[in-house]
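None of the values given here were measured: they were computed from a predicted structure.
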Amino acid sequence: TRHTTDEAKPRNFKQQARMVKTPGGPIRTWRECHRDRRTHAARWEYPSRRGCLTMPSHPEPPSQGEILPFLRRCVERSREIPEFQIISDAERDVVGRFGTAFRPENLDDLTAETVTDFLREKVNHHWYGLERNTPRVTADIPALREGMAVLLDDSAPLAERWDAALPRMHGVGKAIASGMLLVAYPAQCGGWNSVSGEKMAWLGLIPEPWTRRSNGATYERINLILLDLADSLGIGLWELDGIWHFIALDHDPHRRSMS
């Protein structure tokens with residue numbers, strides 16, 4: 001079944017049609033290429049300073065020695081795509097607003113409106129899907145404040161406060177919890193969600209079963225890997241979190257979820 005014109009319209013900047021080239025064919029949109037995947041004919045090309053790099057629709061992961069060069073190419077290419085530039089440029093405003101609001105000393109003043117804004121993609125410019133849990137997350141603000149106070153207390157070990165905090169907060173899973181940590185401590189805590197876990201496992205950076213876990217010990221170990229990667233790539237944890245989505249779009253351009 002072919003997509004109708006209305007269905008093909010982008011719903012937000014992450015679905016804006018970027019024009020790509022298919023082998024032996026005209027310039028086409030990612031959505032059109034996605035339809036061609038039924039015949040395994042679609043391939044994508046991205047501009048770079050050294051020309052075009054073509055990615056197959058189902059690529060093999062790079063070898064262990066090629067992981068960092070692969071990620072460096074992803075960083076370079078992502079910076080040439082407007083939607084990822086929006087994500088990068090939003091860091092100062094998003095971290096400035098919510099990082100301040102989520103600091104432990106400010107949690108007594110935290111409102112449902114602030115939390116709702118944080119969960120909205122149009123406001124955080126980074127994660128899609130978090131807002132689905134808004135009614136549950138904001139249903140009990142006192143309990144949310146209590147859980148966040150534990151989670152964001154950097155005087156305690158990360159794994160311990162993660163495990164102690166999440167059961168106290170309704171509707172808060174690893175994507176929201178790590179997002180809170182990322183904006184509150186952007187140099188110390190990275191994002192952990194279905195996209196980042198899936199692509200880290202694809203690269204062989206973590207065992208595949210870890211993608212189904214949500215406990216503090218696993219996040220602590222993943223966070224150490226994220227810190228090491230960010231340092232090796234010379235980028236921040238905010239930008240690194242966007243790179244996993246960039247890789248996911250390489251593999252499936254029909255996908256848009258960041259969480």
Side-chain angles (χ1 to χ4, degrees), residues 11-14 86-87 89-197 211-220 222-223 226 236-238 240-242 244-245 256-259:
R11 283 175 284 181
N12 68 9
F13 71 84
K14 287 196 182 121
I86 292 173
I87 293 173
D89 291 345
E91 179 180 5
R92 177 179 297 181
D93 290 339
V94 176
V95 170
R97 177 185 174 186
F98 297 107
T100 300
F102 292 171
R103 298 293 293 184
E105 62 269 20
N106 297 328
L107 288 176
D108 287 343
D109 299 322
L110 185 69
T111 65
E113 289 75 19
T114 298
V115 177
T116 298
D117 281 349
F118 170 71
L119 298 176
R120 294 177 62 219
E121 181 190 15
K122 290 182 179 179
V123 178
N124 65 53
H125 297 294
H126 199 79
W127 301 285
Y128 169 78
L130 301 187
E131 56 199 287
R132 290 192 297 260
N133 280 5
T134 299
R136 292 186 61 204
V137 175
T138 59
D140 189 343
I141 291 298
L144 180 65
R145 290 174 182 153
E146 180 184 348
M148 290 179 67
V150 175
L151 178 67
L152 301 169
D153 177 11
D154 62 350
S155 65
L158 180 58
E160 291 182 13
R161 50 190 161 106
W162 178 283
D163 289 336
L166 263 65
R168 307 184 189 198
M169 301 183 287
H170 305 298
V172 174
K174 62 186 180 183
I176 295 177
S178 64
M180 291 173 173
L181 285 164
L182 177 53
V183 297
Y185 304 106
Q188 301 174 33
C189 297
W192 180 27
N193 47 63
S194 61
V195 174
S196 62
T211 63
R212 297 185 293 273
R213 297 180 183 176
S214 60
N215 61 301
T218 301
Y219 175 63
E220 189 170 53
I222 286 176
N223 192 54
L226 294 174
L237 293 167
W238 175 278
L240 179 60
D241 198 47
W244 304 123
H245 182 59
R256 67 186 296 267
S257 175
M258 289 286 288
S259 61

Val183 vs His126, side chain to side chain contact (heavy atoms under 4.5 Å, CB included): CA-CA, chis, key distance, verdict: CA-CA 11 Å; Val183 297; His126 199 79; over 6 Å; no
Correct closest heavy-atom pair for Asn106 and Thr100 would be ND2-O, 2.7 Å
Any donor-acceptor pair under 3.5 Å linking the side chain of Arg213 with the backbone of Thr218?
no
- Side chain to side chain, Leu119 and Asn133, heavy atoms closer than 4.5 Å: no
In terms of heavy-atom contacts, Leu158 and Tyr219 come closest through CD2-CE2, 3.5 Å
Is it true that Trp192 and Trp127 have ring centroids separated by less than 6.0 Å? no
Nearest heavy-atom contact between His170 and Asp140 is CD2-CB, 3.8 Å
Quiz item: Heavy-atom distance under 4.5 Å between the side chains of Asn193 and Trp244, does that happen here?
Solution: no
If we only count heavy atoms from C-beta on, is the Asp241 to Ile87 side-chain gap below 4.5 Å? no
Closest heavy-atom pair, Leu152 versus Pro104, reported as atoms and distance to 0.1 Å, is O-CG, 3.3 Å
The test is side chain to side chain contact (heavy atoms under 4.5 Å, CB included); show your working for Glu220 and Trp162 and say whether it passes.
CA-CA 9 Å; Glu220 189 170 53; Trp162 178 283; over 6 Å; no
- prompt: Less than 4.5 Å apart, any side-chain heavy atom of Thr111 and any of Ile141?
  reply: no
task = Taking Ser178 for its side chain and Lys174 for its backbone only, find out whether a donor-acceptor pair lies under 3.5 Å.
result = yes
Scanning both residues in full, the closest heavy-atom pair of Ala177 with Leu166 reads CB-CD1, 3.7 Å
Between Asn223 and Cys189, the two heavy atoms sitting closest are OD1-CA, 3.3 Å
To the nearest 0.5 Å, atom CG of Leu182 lies from atom CG of Leu240 at 9.5 Å
When rounded to the nearest 0.5 Å, the distance separating CG of Leu144 from OG1 of Thr138 is 8.5 Å
- prompt: Quick one: are Met148 and Phe102 in side-chain contact, heavy atoms under 4.5 Å?
  reply: yes
_Is the shortest side-chain heavy-atom distance between Asp93 and His125 below 4.5 Å?_
no
Kindly indicate whether the side chain of Val150, heavy atoms from C-beta on, has any atom under 4.5 Å from the side chain of Arg168. yes
Rounded to the nearest 0.5 angstrom, the CG-CG distance for Leu181 and Leu237 is 11.0 Å
task = Kindly indicate, with the supporting measurements, whether the criterion side chain to side chain contact (heavy atoms under 4.5 Å, CB included) is fulfilled by Val123 and Thr116.
result = CA-CA 9 Å; Val123 178; Thr116 298; over 6 Å; no
- Task: Report yes if some heavy atom in the side chain of Val137 is under 4.5 Å from a heavy atom in the side chain of Leu130; otherwise report no.
- Result: no
CD1 of Ile222 to OG1 of Thr211, rounded to nearest 0.5 Å, is 8.5 Å
CD (Glu131) and CD1 (Ile176) are apart, to the nearest 0.5 Å, by 10.5 Å
